[in-house]
Amino acid sequence: MNKTKKVLSTKLNNSKNLNLIINSDTYKLAYEDLGFLSRNEMRGVRMLLEITKPDLILEANKILSTIIIFGGANIAEESKTREKIDDIKKLIKKNPSSILLKRNLNRLENLLSMSHYYQSAREFSKLVSIDNQSKVCNSHVIVTGGGPGIMEAANRGAFEANCKSIGLNISLPNEQIPNAFITPGLCFKFNYFALRKIHFVMRSIGAVFFPGGFGTLDELFELLTLRQTGMKNKIPIILFGRKYWDKIINFEYLADLGLISDEHLNLFEYTDSVPEAWEIIKSANI
């Protein structure tokens, strides 16, 4: 009897140990072990994956070329901004001495004055997409950061034209949810800003920058630097909304100081017109 119990106990222990072996992280295939892939030592592998995955999918979808659209995440369509203004005015009535509420109202009114850029981005995207996409050709596909504001407007324009558009989203501490107008299967989530920048630029034949904040300025100077140094082939870089850009950046002053050459002022063009922006890109014959 004791011998039988011993045999059963041994079998039970062996079974438990085998389960521990099979369920151990070390027994997982390396590419299935998320804990292993998340280690600092595996950063290079993760970076390679972020380069390769979108590239293969875009190739499979026959995306021949892209047009980048950047702009502020806070520039919404007029009706939504007006709703926020109405809401904050109600709060001010209850608390008329609040400096913060008045500051926020002023900011919203400024954003309202820029809401026409949302519509322009939407119209531009629709115009470009209709002109260039078909069942056999996917050129000049709109690509954005995939978030709200101007990004949403650009993806929306392509969506309303029944055309493809791409979203290159980024993993942030405050999670940024993709806008609902990106083509399913063409929205990508990145951990590394640097690799996201690569995918913005590598297929691009033009870029349109609408008013925006740090992110927009970052991408603008990134692309201007690539063009200035010859690391990126000649493509149209369009600053949409001259009044805004003249106030934000004094490029002529940089040239006057000798910090950039006069010829570098030709790396970009200004416009306030959707048809003109599209004509600038078309006439580049890239």
Side-chain angles (χ1 to χ4, degrees), residues 47-48 50-71 121 124-125 127-129 131-134 136-146 150-151 154-155 158 163-168 170 186 188 190 192-210 212 215-240 242 245 249 251-252 254-255 259-271 273-286:
M47 294 177 78
L48 180 60
E50 284 203 359
I51 291 175
T52 307
K53 178 184 175 181
D55 194 36
L56 292 177
I57 293 173
L58 292 174
E59 286 289 339
N61 280 270
K62 297 180 173 57
I63 306 299
L64 305 177
S65 60
T66 60
I67 294 177
I68 310 166
I69 296 185
F70 289 115
F124 176 82
S125 177
L127 176 63
V128 171
S129 299
D131 270 11
N132 291 277
Q133 291 189 41
S134 67
V136 295
C137 181
N138 292 304
S139 64
H140 297 57
V141 178
I142 297 298
V143 58
T144 78
I150 294 297
M151 295 174 281
N155 290 121
C163 293
K164 294 179 180 179
S165 74
I166 302 164
L168 305 182
I170 189 78
L186 292 179
F188 304 93
F190 290 83
Y192 301 104
F193 272 101
L195 302 182
R196 180 177 178 244
K197 289 175 184 289
I198 289 174
H199 284 290
F200 268 128
V201 173
M202 65 188 302
R203 288 179 173 82
S204 63
I205 51 86
V208 184
F209 289 85
F210 289 84
T216 301
L217 295 173
D218 171 52
E219 299 294 350
L220 171 60
F221 282 106
E222 178 84 21
L223 191 51
L224 286 174
T225 301
L226 291 173
R227 282 288 299 111
Q228 179 193 46
T229 57
M231 295 298 291
K232 172 65 178 174
N233 58 304
K234 183 178 180 180
I235 65 168
I237 299 173
I238 300 167
L239 304 186
F240 199 101
R242 176 140 200 175
W245 290 109
I249 309 169
F251 288 105
E252 287 76 14
L254 288 175
L259 297 175
I260 62 173
S261 301
D262 288 336
E263 65 186 42
H264 295 146
L265 297 175
N266 298 323
L267 294 176
F268 54 90
E269 296 183 60
Y270 297 98
T271 189
S273 162
V274 166
E276 184 180 22
W278 177 217
E279 192 58 41
I280 290 170
I281 293 175
K282 281 198 298 184
S283 63
N285 294 319
I286 295 175

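Here, residue 1 is the first one in the sequence, and each next residue gets the next number.
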Query raised in the report: Are I166 and I142 side-chain neighbours, meaning at least one heavy-atom pair lies under 4.5 Å?
Result: no

Report task. Decide side-chain contact (heavy atoms from CB on, under 4.5 Å) for F188 and H199; before the verdict, give the C-alpha distance in whole Å, the side-chain angles of both, and the deciding distance to 0.1 Å. Result -> CA-CA 10 Å; F188 304 93; H199 284 290; over 6 Å; no

Query raised in the report: Which pair of non-hydrogen atoms, one from A255 and one from L265, has the smallest distance, and what is that distance?
Result: CB-CD1, 4.0 Å

Report summary line: Heavy-atom closest pair (I238 atom, A277 atom, distance to 0.1 Å) is CD1-O, 3.3 Å

Query raised in the report: To the nearest 0.5 Å, how far apart are OG1 in T66 and CG in L58?
Result: 8.5 Å

Query - Set of ring pair (Phe, Tyr, Trp, His ring centres under 6.0 Å) partners for F124, sequence neighbours left out - result: none

Query raised in the report: Between H264 and F251, does the ring centroid distance fall short of 6.0 Å?
Result: no

**Report entry** side-chain contact (heavy atoms from CB on, under 4.5 Å) evaluation trace for V208 with I281
**Finding:** CA-CA 10 Å; V208 184; I281 293 175; 4.2 Å; yes

Requested in this report: Report the distance from atom OG1 of T144 to atom CD1 of I67, rounding to the nearest 0.5 Å.
Outcome: 13.0 Å

Report summary line: Taken to the nearest 0.5 Å, the spacing of S261 OG from L254 CG works out to 11.5 Å

Report summary line: CD (E252) and CG (D262) are apart, to the nearest 0.5 Å, by 10.0 Å

Query raised in the report: Are the side chains of L217 and I249 in touch, meaning some heavy atoms are under 4.5 Å apart?
Result: yes

Requested in this report: Can you measure from CG (N266) to CD1 (I237) and round to the nearest 0.5 angstrom?
Outcome: 11.5 Å

**Report entry** Side chain to side chain, M151 and I69, heavy atoms closer than 4.5 Å
**Finding:** no

Report summary line: Looking only at heavy atoms, the pair that brings N155 and G146 closest together is OD1-CA, 4.2 Å

Query raised in the report: Would a distance-only check, ignoring hydrogens and angles, find a side-chain to backbone donor-acceptor pair under 3.5 Å from S129 to A158?
Result: no

Query - Geometric cation-pi criterion R242 and Y270, 6.0 Å radius, 45° cone - result: yes

Query raised in the report: How would you list, by chain and number, every residue that makes a ring pair (Phe, Tyr, Trp, His ring centres under 6.0 Å) with F221, sequence neighbours excluded?
Result: none

Query raised in the report: Within the side chain of E50, is there an N or O that forms a donor-acceptor pair under 3.5 Å with the backbone of Y192?
Result: yes

Query raised in the report: Looking at side-chain heavy atoms only, is the closest gap between L64 and V141 below 4.5 Å?
Result: no

Query raised in the report: Parallel, tilted or perpendicular: which describes the rings of H140 and W278, with under 30° parallel and over 60° perpendicular?
Result: perpendicular

**Report entry** Side chain to side chain, T216 and F210, heavy atoms closer than 4.5 Å
**Finding:** no

Query - Positive for side-chain contact (heavy atoms from CB on, under 4.5 Å) with K53, one of L56, I51, I57 - result: I57

Report task. Work out which heavy atom in L186 is nearest to a heavy atom in S165; give both atom names and the distance. Result -> CB-O, 3.8 Å

Query raised in the report: Is the shortest side-chain N to carboxylate O distance from R203 to E59 below 4.0 Å?
Result: yes

Query raised in the report: ring pair (Phe, Tyr, Trp, His ring centres under 6.0 Å) with W245: which residues, sequence neighbours excluded?
Result: none

Query raised in the report: Should K232 and S204 be marked as a side-chain contact (heavy atoms from CB on, under 4.5 Å) after you check the CA-CA gap, both sets of side-chain angles, and the distance that decides it?
Result: CA-CA 10 Å; K232 172 65 178 174; S204 63; 3.4 Å; yes

**Report entry** Among L267, I235, D218, the one residue meeting side-chain contact (heavy atoms from CB on, under 4.5 Å) with L223
**Finding:** I235

Query raised in the report: Considering all heavy atoms of both residues, which atom of L127 and which atom of P275 are nearest to each other, and what is their separation?
Result: CD2-CA, 4.4 Å

Requested in this report: Taking the six-membered ring for Trp and the single ring otherwise, decide whether the centroids of F209 and F268 are under 6.0 Å apart.
Outcome: no

Report task. Go through the steps for N138 and K164 under the test side-chain contact (heavy atoms from CB on, under 4.5 Å), then give the verdict. Result -> CA-CA 8 Å; N138 292 304; K164 294 179 180 179; 3.5 Å; yes

Report task. Please name the pair of heavy atoms, one in I205 and one in P236, separated by the smallest distance, quoted to 0.1 Å. Result -> O-CD, 3.2 Å

Query raised in the report: Looking at CZ of F190 and NZ of K197, how far apart are the two atoms once the value is rounded to the nearest 0.5 Å?
Result: 12.0 Å

